Amino acid sequence: MQYTSLNSLNPPQQRAVKYIDGPMLVLAGAGSGKTRVITEKIAYLVGQCGYAPNKIVAVTFTNKAAQEMRHRLSNALGKQARGVGISTFHTLGLQILRRDLAMFDLNSGFSIFDAEDSLGLLKELAMHERGDEVDIVKTCQYLISDWKNELLRPTDVHKLASNPIEVQAAALFERYQRSLAAYNAVDFDDLIYRPVLALRDNPELLEKWQSRVHYLLVDEYQDTNTSQYELVQLLTASRQMLTVVGDDDQSIYAWRGARPENLGKLQEDYRKLELVKLEQNYRSTPTILNAANQLIANNPHVFEKQLWSSLAPGEPIRIECRTDDQDEVDYIVDSILDRRLRSRADLSDFAVLYRGNFQARLLEMRLQADQLPYRISGGTSFFARNEIKDVMAYLRLLVNPDDDSAFLRVVNVPRRGIGAQTLETVAAYAKNRDCGLLSACSEMGLYTQLSGKAAQSVRGFSDWLLAKQRYLAESPMAAVRELLADIGYEDWLLQNSSTPAAAEKRWANVQFLLGNIEKDLKDRDDEVEDTDQAIEAVIGKLVLRDMLERQENDEEMDQIQLLTLHAAKGLEFRHVYMMGVEERILPHHNSIDEGNIDEERRLAYVGITRAQETLTMVYTRKRKQHGHVINCEPSRFLDELPADCIHWPQRNAASPEANQQRGEQTLSGLKALFD
DNA sequence: ATCCAACTAATTTTT
DNA sequence: TTAGTTGGAT
């Protein structure tokens, strides 16, 4: 294998790729080619250093990033890329759990609860005893999640809990974990939490995984939380062979447990840590980079970094003041249309970035009125769709009869006349017998407590499901298709959708899901794996939204991109518009109150560094909020930008309020004269 | 079981 | 303002 591509790397990049003697931290500024460095390094490890592909593991946060890396690696490495373990933290954790089911008290086919399932379970546990309010339970859910990310066990938390809600959450935590175990289930956090706890106090298990991971690479390291970092540390403890890539200036997820200080902590934990900074940016004009540098210089830094670019200077950053939110949207759209003609850009070269999703609403209305195609970030993801959750719940239940969450979702889809009363009875019986709801349904004893009609429905449901379960083992796809046909799911969608067209789309979503499952099952057939467990593995992966083939260009490709600043991380666009660059929005008012302006500044930094050619920042004087008009002030971040990089015509222009005030003053002055 | 009215809360979001 | 949720009524 030839490594001509190494020559096209700049010197720091080459150093990052070629240093393989010990732990290394790559500080990769925005647009400095970090993904390229990671993939080249893997190729180098395999091609030049004799590492077996399957002894290398690369971890990312999202499936999208993992896919991208896999794709790029197969370009660099060809067939050998297949052996390299590229996965998300959660998938890696899943593998650890799956490898030693017994150690984790799990049975094959165990379920993975998503946030919704987990909230449902917590509600069940908390509200049963006391009529607690939903938002209290939600707070508990967050607390428990935080604790898991900090690797605290229920016993640790009992001592720690300081206020009443924490005490309650701590009590819930313990019962919650027990329930999950009873359901043969884990939640998302458990996928990392439980493996780490086990690796921590089980030397044999640790050694086993250390010998599986000879070299570890971690992407977006600034986003790791405590448990993820601990996993990294454990896996690399013996060999100390790791490369982590990150950028403290792009840490924008502290609010969900990320610990950017993990970057600095590496220097303490790996004494021989080698450091490389990637400061050459290949994305943006020097004007944009200077502004970004200057802005972020206001944040404290462990590692200093100066991005530079060898491109032509480029246009100044345009800062626009508009009278209100409608005017803001009109300006942006008009400006995009104008620029599209003048610089012969496609609509997809334009991105509008904002702090909160609500800001996209007006923009969407205007774009729709103008019939301009756009793509909006967020929205209900594929797996949040009801039809997908329904089918997934059926699959989960088939594979794991103890999954009560799935049972409850599915029991009346379609309506089977099994009401709340009946379910109460089943649940009570199941609790008594210490078994899952579905198992309870096949016990004779239950039917002494149910009336004829209810008993018949429940019986029918459970017998039918058990038959499908048997069928699933011999012919998974046929079983699933038959199941959906039996319940008349297509018709059910038709009845439960607003329009026939919507129903058709939802049914198409289901077909898409089935297609992906089928494909993944086939892929598994090629490799040597237990067919019996294949469907279980496929469903487990599906819950993690892994392996799903992107449903690409079902519509137009040339669309204006509408994104939150968070969603924009990692992307780039020729022309970027940042809207609502105002106090209380871009430094968000909650962050102002809590005093963490730094993360908001990083958010602005991420936004600015998305732009390749031009950047326009817009703020308004007034905007409607919750139905009321409020006055706005330009963001403090605008004042932090260097004057020679910006074009700000309306800077210090008197605001209407100031004018009005002045008017009132003269008026009162006149009054005083008369008095 | 289903539907409607009233009430509430309103950053960011992946797995 | 609006969307989503909850509780009550039919």
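Because the structure is predicted, anything quoted here is derived from the model rather than measured.
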> Quick one: which of C:dA3, B:dT14, B:dT15 gets closest to the side chain of A:L544?
Replying inline: B:dT15
>> Can you tell me which nucleotide in B:dT11, C:dT2, B:dT13 comes closest to the side chain of A:R256?
In response: B:dT13
> Taking the side chain of A:H626 as heavy atoms from C-beta outward, which of B:dA10, B:dT11, B:dT14 is closest to it?
Replying inline: B:dA10
> Regarding A:Q368 and A:Y374, is there a side-chain donor-to-acceptor distance under 3.5 Å anywhere?
Replying inline: yes
>> What is the separation between atom NE2 on A:H566 and atom C1' on B:dT11, rounded to the nearest whole Å?
In response: 8 Å
>> Less than 4.0 angstrom between a side-chain N/O of A:N357 and OP1 or OP2 of B:dT13, yes or no?
In response: yes
> What integer number of Å spans the P atoms of B:dT12 and C:dT5?
Replying inline: 15 Å
> When the ring centroid of A:F89 is compared with that of A:F61, is the distance short of 6.0 Å?
Replying inline: yes
> Rounded to the Å, how far apart are A:R194 CZ and B:dT15 C1'?
Replying inline: 17 Å
> In whole Å, what is the span from the CG atom of A:N590 to the C1' atom of B:dT12?
Replying inline: 11 Å
>> To the closest 0.5 Å, what do you measure between CG (A:N299) and OH (A:Y605)?
In response: 10.5 Å
> If you check the A:A567 side chain, which of B:dT13, B:dT11, C:dA3 turns out closest?
Replying inline: B:dT13
> So, does the side chain of A:R545 form a donor-acceptor pair with the base of B:dT15 at under 3.5 Å?
Replying inline: no
> Is A:T564 near enough to B:dT13 that one of its side-chain N or O atoms lies under 4.0 angstrom from OP1 or OP2?
Replying inline: yes
> Rounding to the closest angstrom, what is the interatomic distance between B:dT13 and C:dG4 at atom P?
Replying inline: 15 Å
> A:D402: what forms a side-chain contact (heavy atoms from CB on, under 4.5 Å) with it, not counting sequence neighbours?
Replying inline: A:N184, A:N400, A:S439
> With sugar-phosphate meaning primed atoms plus P, OP1 and OP2, does A:D114 contact a base, only sugar-phosphate, or nothing at under 4.0 Å between heavy atoms?
Replying inline: nothing
> Is it true that A:W255 and A:H588 have ring centroids separated by less than 6.0 Å?
Replying inline: no
> Taking for each residue the nucleotide of DNA chain B with the nearest heavy atom, is it A:I252 or A:N412 whose nucleotide lies nearer the 5' end?
Replying inline: A:N412
Every protein N/O lying under 3.5 Å from an N/O of nucleotides 2-9 of chain B:
unit_1, atom_1, unit_2, atom_2, d
B:dT2, OP1, A:R415, NH1, 3.2
B:dT2, OP2, A:R415, NH1, 2.9

> Taking the same atom, C1', in B:dT11 and in C:dT6, what whole-Å distance lies between them?
Replying inline: 24 Å
> Considering only side-chain heavy atoms of A:K123, which listed nucleotide, B:dT13, C:dT6, B:dT15, is closest?
Replying inline: C:dT6
> When you check the phosphate oxygens OP1 and OP2 of B:dT11, does a side-chain N or O of A:H588 lie under 4.0 Å from one of them?
Replying inline: yes
> When the distance from CZ of A:F358 to P of B:dT12 is rounded to whole Å, what number comes out?
Replying inline: 8 Å
>> Would you say the ring centers of A:F110 and A:F104 fall short of 6.0 Å from each other?
In response: no
> Where the side chain of A:R355 is concerned, which of B:dT11, B:dT14, C:dT2 is the nearest nucleotide?
Replying inline: B:dT11
> For A:W255 and B:dT11, do the ring centres fall under 5.5 Å apart while the planes stay under 30° apart?
Replying inline: no
> CG of A:D189 versus C1' of B:dT14: gap in Å, rounded?
Replying inline: 11 Å
> Hey, are A:Q228 and A:E230 close enough side-chain-wise for a donor-acceptor pair under 3.5 Å?
Replying inline: no
> In whole angstrom, what separates A:Q625's CD from C:dA3's C1'?
Replying inline: 16 Å
> Could you give the distance from CD1 (A:I86) to CE (A:M69), rounded to the nearest 0.5 Å?
Replying inline: 6.5 Å
> Where the side chain of A:Y253 is concerned, which of B:dT13, B:dT15, B:dT11 is the nearest nucleotide?
Replying inline: B:dT13
>> Centroid separation under 6.0 Å, is that true for the rings of A:Y183 and A:F407?
In response: no
>> Please report the distance, rounded to the nearest Å, between CD1 in A:I539 and P in B:dT15.
In response: 19 Å
>> I need the OH-C1' distance between A:Y193 and B:dT15, as an integer number of Å.
In response: 18 Å
> Taking the same atom, C1', in B:dT14 and in C:dA3, what whole-Å distance lies between them?
Replying inline: 24 Å
